[in-house]
Number of protein chains: 4
Amino acid sequence: MISSSARRGRPRDARSDAAIADAVAALLAESGYAAMSIGAVATRAGVGKDTIYRRWSGKAELVYETVFTTADTADLPDTGTLEGDLTAVVQSLVEEFSEPAAAAALPGLLADFAAVPELRAAIRSRFLAPAKERLVAVFDRAARRGETDSGVPADLALDTLAGAVFFHLGIMGEQPDPDLAARIAAMIVKGIEVR
Amino acid sequence: MISSSARRGRPRDARSDAAIADAVAALLAESGYAAMSIGAVATRAGVGKDTIYRRWSGKAELVYETVFTTADTADLPDTGTLEGDLTAVVQSLVEEFSEPAAAAALPGLLADFAAVPELRAAIRSRFLAPAKERLVAVFDRAARRGETDSGVPADLALDTLAGAVFFHLGIMGEQPDPDLAARIAAMIVKGIEVR
Amino acid sequence: MISSSARRGRPRDARSDAAIADAVAALLAESGYAAMSIGAVATRAGVGKDTIYRRWSGKAELVYETVFTTADTADLPDTGTLEGDLTAVVQSLVEEFSEPAAAAALPGLLADFAAVPELRAAIRSRFLAPAKERLVAVFDRAARRGETDSGVPADLALDTLAGAVFFHLGIMGEQPDPDLAARIAAMIVKGIEVR
Amino acid sequence: MISSSARRGRPRDARSDAAIADAVAALLAESGYAAMSIGAVATRAGVGKDTIYRRWSGKAELVYETVFTTADTADLPDTGTLEGDLTAVVQSLVEEFSEPAAAAALPGLLADFAAVPELRAAIRSRFLAPAKERLVAVFDRAARRGETDSGVPADLALDTLAGAVFFHLGIMGEQPDPDLAARIAAMIVKGIEVR
DNA sequence: AACTAACCGAGACGGTACGTCGGGTCTTACC
DNA sequence: GGTAAGACCCGACGTACCGTCTCGGTTAGTT
């Protein structure tokens with residue numbers, strides 16, 4: 001007896017989730033975040049609007065959970081040097097934001113998240129916190145190797161690193177220059193040096 | 001005779017511009033960018049909607065030109081050191097984005113700009129280009145003083161510097177920590193060091 | 001062995017019928033016919049929606065069979081005079097339509113019935129035909145007593161009599177004046193006089 | 001200078017009213033009252049939904065004011081006899097309710113009106129009151145001619161007369177038998193006889 | 001005692017319509 | 001030609017019901 005009260009009523013159809021995710025990705029890439037309406041997603045997915053609203057509170061949540069699913073769970077790289085590790089971390093960010101759907105969604109998504117306190121809290125705990133944890137782990141390894149001291153300002157590094165990627169790709173909409181990650185990482189490594 | 005036919009008909013009323021600007025700032029601070037409608041601005045300003053559309057193409061342009069008017073024209077600081085100059089530059093960014101109306105407007109504005117190619121081009125030439133020019137000037141002065149070599153990657157520095165500020169204030173909505181500018185500037189100075 | 005294959009499977013639960021009938025009457029009186037949804041009836045009765053749809057085809061049928069159960073089967077009055085008999089017939093109509101649930105249901109119910117040919121046929125055979133039969137019987141008795149000739153237009157009398165009651169109570173929503181039945185009956189008796 | 005404050009803003013477009021009226025009549029005849037949605041009317045009329053909601057509060061008001069415009073203003077018939085006058089009055093009712101759009105609209109319309117107290121009051125004052133006035137005038141003329149006494153119960157006559165027509169045409173959906181009006185009028189004339 | 005079939009409560013499903021709101025344009029009378 | 005007012009068409013919003021379906025589970029009669 002694992003679940004006490006069992007699950008009552010008809011269970012949600014997993015095929016709906018898949019169809020919705022596909023429709024979201026397609027519409028984002030085709031017409032962008034602002035022009036993507038919930039109604040259009042429903043029609044494209046062959047699904048009723050309720051089926052979407054039953055799962056997500058609105059467009060922001062729908063797009064965030066549908067598009068940004070990868071990377072968060074990918075395991076920490078261990079390249080042997082701080083610069084290598086940071087490059088890998090930044091590179092995964094770059095790749096995530098370079099996918100067509102993600103690139104199309106980012107600015108509008110950030111605007112919607114910023115406008116609603118609950119969503120702003122959600123992004124903090126679901127995106128920022130894990131990212132910072134990973135960064136801290138990378139810096140800890142570097143400290144153990146003797147590459148840096150232990151008093152590294154991870155917050156500032158995260159702001160700078162994530163901010164640079166967001167600004168370059170998400171806001172300015174630049175192409176993802178292949179050595180962008182390496183250049184940003186190199187700057188941070190030097191920048192955070194603790195004597 | 002420069003303009004042959006001059007301007008015919010009734011000239012535009014300057015009081016309307018002022019009333020509109022006030023209404024935009026007030027509504028942005030009260031309810032945010034997304035919830036601010038052109039109609040509401042018009043009503044609040046005691047002005048017809050057409051009077052707004054006659055001057056601006058839409059909400060993004062209206063807000064951008066109404067809220068972000070300062071700083072772009074402020075003259076270059078000259079503190080004697082690269083770090084001092086950069087701190088001043090970052091500080092002016094921080095201050096600009098910390099004003100209630102600006103903070104409320106930023107994310108939504110960026111989303112609207114990103115969605116429309118013409119607007120994206122506008123931000124590039126009207127905000128990014130001058131900012132980069134000023135940054136280049138700062139680096140040139142540092143090179144003349146012998147503080148750095150001349151091959152400094154200004155683009156990357158701008159991305160990092162602006163990105164960190166945008167991300168911290170605009171996206172995450174954090175409070176403007178008084179020594180934020182100094183910390184960012186310090187990191188950049190070390191980070192862009194050219195041997 | 002009455003029915004060869006009998007009825008297999010679990011029999012319907014009579015308590016559900018009762019709970020549904022109560023819920024219908026309560027919701028009709030509280031919020032009216034239009035505002036009464038099948039889902040609300042199901043919830044109020046503590047019953048699944050299917051349990052309702054298994055028994056009735058929709059709201060119109062549900063309400064009709066749940067609310068209008070009396071009177072149709074009541075036996076013919078025999079007061080000794082045509083006017084007395086007609087008064088009794090009209091009075092039973094008045095009483096049936098004066099119950100809160102019935103009064104609340106009538107107009108909407110008639111609209112739904114009128115909109116669907118099958119339902120219109122149903123009302124004709126299940127309400128109108130028996131009513132006319134009873135009226136014909138009353139007139140026959142009067143003819144046998146010598147009160148009237150035999151060529152009385154029962155159709156017209158029924159339209160007039162039922163129409164007057166429907167219009168006064170059902171459509172205009174007037175209070176059921178206690179001598180309404182008698183006044184209508186008196187007018188009909190004089191009106192249908194056959195020399 | 002008739003209107004003091006003039007009329008400000010763009011005036012309503014009379015062509016919209018006409019297009020909406022046509023669309024309502026067509027859709028009523030095609031699909032009936034219940035199946036006629038405001039959105040469908042708007043599309044058919046080439047008009048925005050707002051343009052409808054700006055003029056009417058909802059479907060009931062829209063249909064009532066659009067479909068039932070005639071007859072109310074037609075002048076009193078004067079045939080010389082009470083029965084003739086009444087036949088004419090009933091006949092105009094029959095004709096009004098026999099038009100396809102009116103016949104299709106009646107039951108649903110009555111249901112909606114009955115459900116909302118404000119609308120019920122409206123029908124009382126806008127339909128019933130004028131109808132009763134005309135009936136009273138007819139009876140007065142008859143009294144002056146010496147055909148009847150003056151104490152005729154006009155209320156009851158109206159209920160009976162209107163009820164019979166409503167019931168026969170509106171509710172039962174019968175065809176408009178050509179001498180229906182005459183038969184109803186004849187019955188009333190005899191029925192309301194005052195000795 | 002096992003099987004089978006219909007019932008049951010719950011609630012998800014694809015749809016359709018609702019009434020409102022904002023966008024950007026157009027049309028008045030007036031200045 | 002600018003201006004305030006406000007009507008215009010359009011399209012999206014989030015909600016409410018519709019009538020159907022799909023779960024796990026119950027309750028009878030039939031083998």
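Everything numeric here is computed off the predicted structure, so don't read it as measured data. Within every chain, numbering begins at 1; the chains are lettered A, B, ... in the order of the sequence lines, protein sequences first and strands thereafter.
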| Residue whose nearest DNA chain E nucleotide is more 5′ - D/Lys59 or A/Gly9 | A/Gly9
| query | Run the salt bridge (Lys or Arg N to Asp or Glu O under 4.0 Å) check on A/Asp112 and A/Lys59 step by step: do they pass? | reply | CA-CA 9 Å; A/Asp112 284 2; A/Lys59 189 155 76 165; 5.7 Å; no
| message | If you compare all heavy atoms of B/Pro107 against all heavy atoms of B/Gly170, which two are closest, and at what distance to 0.1 Å? | response | CG-O, 3.3 Å
| query | Of the candidate nucleotides E/dA10, E/dG9, F/dA7, which contains the atom at the shortest distance from the side chain of A/Arg10? | reply | E/dA10
| request: Taking only the side-chain heavy atoms of C/Tyr53 (C-beta and beyond), determine which of E/dC8, F/dC9, F/dG19 contains the nearest atom. | output: F/dG19
| Residue whose nearest DNA chain F nucleotide is more 5′ - B/Ala14 or A/Gly58 | B/Ala14
| Heavy-atom distance under 4.5 Å between the side chains of A/Arg55 and A/Glu65, does that happen here? | no
| task | Specify the closest pair of heavy atoms between C/Ala105 and C/Val63, including all atoms of both residues, with the distance to one decimal. | result | CB-CG1, 3.7 Å
| Would you call B/Ile171 and B/Leu110 a side-chain contact if the rule is heavy atoms closer than 4.5 Å? | no
| query | Which part of the nucleic acid does D/Arg15 contact within heavy-atom distance under 4.0 Å: base, sugar-phosphate only, or nothing? | reply | nothing
| note | Comparing C/Pro11 with A/Arg12, nearest DNA chain E nucleotide closer to 5' gives the residue C/Pro11
| query | E/dC31 P sits how many Å from B/Asp13 CG, rounded? | reply | 15 Å
Using residues 39-48 of chain A as the side-chain source, report each donor-acceptor pair under 3.5 Å to any protein atom, sequence neighbours left out, with the distance given to one decimal.
from, atom 1, to, atom 2, distance (Å)
A/Thr43, OG1, A/Gly39, O, 3.0
A/Arg44, NH2, A/Glu30, OE2, 2.5

| Got C/Thr51 and C/Asp13 here, is their nearest side-chain heavy-atom distance under 4.5 Å? | no
| message | I need the single residue from A/Phe113, A/Trp56, A/Tyr33 that forms a ring-ring contact (aromatic ring centres under 6.0 Å, His included) with A/Tyr64. Which is it? | response | A/Phe113
| field | Heavy-atom donor-acceptor pair, C/Arg8 side-chain to E/dT4 base, under 3.5 Å | value | no
| request: Please tell me which of the listed nucleotides, F/dA7, E/dC7, E/dG19, lies nearest to the side chain of D/Arg54? | output: F/dA7
| remark: Per the under-4.0 Å heavy-atom filter, residues of residues 17-39 of chain D near DNA chain F come out as none
| Those residues of residues 44-52 of chain A lying under 4.0 Å from DNA chain F by at least one heavy atom | A/Lys49, A/Asp50
| So, do B/Ile123 and B/Leu119 sit near enough that their side-chain heavy atoms are less than 4.5 Å apart? | no
